[in-house]
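I have placed the structure first, in the form of structure tokens, so that the comments after it can refer back to it.
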Amino acid sequence: MIGTQCYSYMPACPVMLYTGSCVLVEAVRGRKSRTDPKAKSKLGRIKTPPPVDPVEMVVLTERFKEYDLIMRALRLEFKEEMLRKRYEEEVGSLAEERAKQEEKEHRSLMAWNQEENLRMLKIRELRVQKEMEDAKLKKTEAAILRQQALEDLVKEKEEDIIRLHEEAKTFITLENLDQRIDEALDNPKNYNFAIDKNGRVVKRTVLQ
């Protein structure tokens, strides 16, 4: 017994049926719905992403960041221009008056800034002049101190020379050598003695 199969014909384009309250749309022939399972021929297939070159990835990332910044700047520029035009259209003469007021305020601020700069310039010039005078005074004082120190040194050396000249009179020379020997023999001195902590002589040997 040979069995027969019946095939139902479905049109290629969706068929719309009107039921009175809503429109029903049939599924397109050959297209799966969201609830249909995966095809048997594709069960074992594993999708592998294409290889990515690291250098190319870095370049593309940098270019994308640059593109993003440029587009963001353009959007902000266009948005600002659009808002400015809308503001000018809505405000009109008030915006012009405000611009004049801002220009006037800017000029007054610039004049005040110029006066303040001149005032600070005068203060700075006075400070610099005072610093120069102080430095000159310190330099003069240092020169005077050096001159006084030099004079004190010369005076001290002169006193040393005078004292040495006076002491030279008691030096032993060839002329008074015999006389000094006789004086030493006539007035012997004993340096062999002992002293305590206070410097007093506690013991002395007798010269022989």
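Start at 1 with the first residue, then count along the sequence. On a predicted model such as this, the values are computed, not experimentally measured, just so you know.
Glu156 CD to Ile161 CD1: the interatomic distance, rounded to the nearest 0.5 Å, is 11.0 Å. For the atom pair CD (Glu158) and CG (Leu153), the distance works out to 10.0 Å, reported to the nearest 0.5 Å. Note that CH2 of Trp112 and CG of Asn117 are 8.5 Å apart. Values are rounded to the nearest 0.5 Å. Atom-to-atom distance recorded for Ile162:CD1 and Lys157:NZ is 14.0 Å, nearest 0.5 angstrom. Between the CG atom in Asp186 and the CD1 atom in Ile181 there is a gap of 12.0 Å [rounded to 0.5 Å]. To the nearest 0.5 Å, atoms CG (Asp178) and CD (Glu183) are separated by 11.5 Å.
Residues Thr173 and Leu177 are not in side-chain contact: their nearest non-hydrogen atoms beyond the backbone lie 4.5 Å or more apart. Taking 4.5 Å as the limit, every side-chain heavy atom of Glu125 sits out of range of all side-chain heavy atoms of Gln129. For the pair Glu66 and Glu62, the minimum side-chain heavy-atom distance is 4.5 Å or more.
The backbone N or O of Gln179 sits nowhere less than 3.5 Å from a side-chain atom of Asp182 that would complete a donor-acceptor pair. Of the possible polar contacts, one joining the Asp196 side chain to the Gly199 backbone as a donor-acceptor pair under 3.5 Å is found.
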TODO: Assess whether side-chain contact (heavy atoms from CB on, under 4.5 Å) is satisfied between Ile70 and Leu74, documenting all intermediate values.
DONE: CA-CA 6 Å; Ile70 294 174; Leu74 289 175; 4.0 Å; yes

Task: Verdict with supporting geometry, Arg107 and Glu103, salt bridge (charged side-chain N to carboxylate O under 4.0 Å, His left out) - done: CA-CA 6 Å; Arg107 290 180 180 177; Glu103 181 67 20; 3.4 Å; yes

- [ ] Begin from the C-alpha positions of Arg119 and Glu116 and carry the test salt bridge (charged side-chain N to carboxylate O under 4.0 Å, His left out) through to its verdict.
- [x] CA-CA 5 Å; Arg119 186 178 70 85; Glu116 190 68 15; 2.3 Å; yes

TODO: Apply the test salt bridge (charged side-chain N to carboxylate O under 4.0 Å, His left out) to residues Asp160 and Arg163: give CA-CA distance (whole Å), side-chain angles for both, the deciding distance (0.1 Å), then the verdict.
DONE: CA-CA 5 Å; Asp160 292 340; Arg163 185 175 61 255; 2.6 Å; yes

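Under 4.0 Å is where a charged nitrogen must lie from a carboxylate oxygen, and between Lys85 and Glu81 at least one such pair does.
Between Ile172 and the choices Leu174, Thr170, Asn176, the side-chain contact (heavy atoms from CB on, under 4.5 Å) rule is met once, by Asn176.
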Give the table of side-chain donor-acceptor pairs shorter than 3.5 Å for residues 38-60, with sequence neighbours excluded, one pair per line with atom names and distance.
{"unit_1": "Lys38", "atom_1": "NZ", "unit_2": "Lys42", "atom_2": "O", "d": "3.2"}

Just list the side-chain donor-acceptor pairs under 3.5 Å for residues 137-147, sequence neighbours left out, or say none.
{"unit_1": "Thr140", "atom_1": "OG1", "unit_2": "Lys136", "atom_2": "O", "d": "2.9"}

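Across every non-hydrogen atom of Leu164 and Phe171, the tightest pair is CD1-CZ, 4.3 Å.
In the displayed structure, Met82 atom CE is contacted under 6.0 Å by more than 12 heavy atoms of other residues, nucleotides or ligands.
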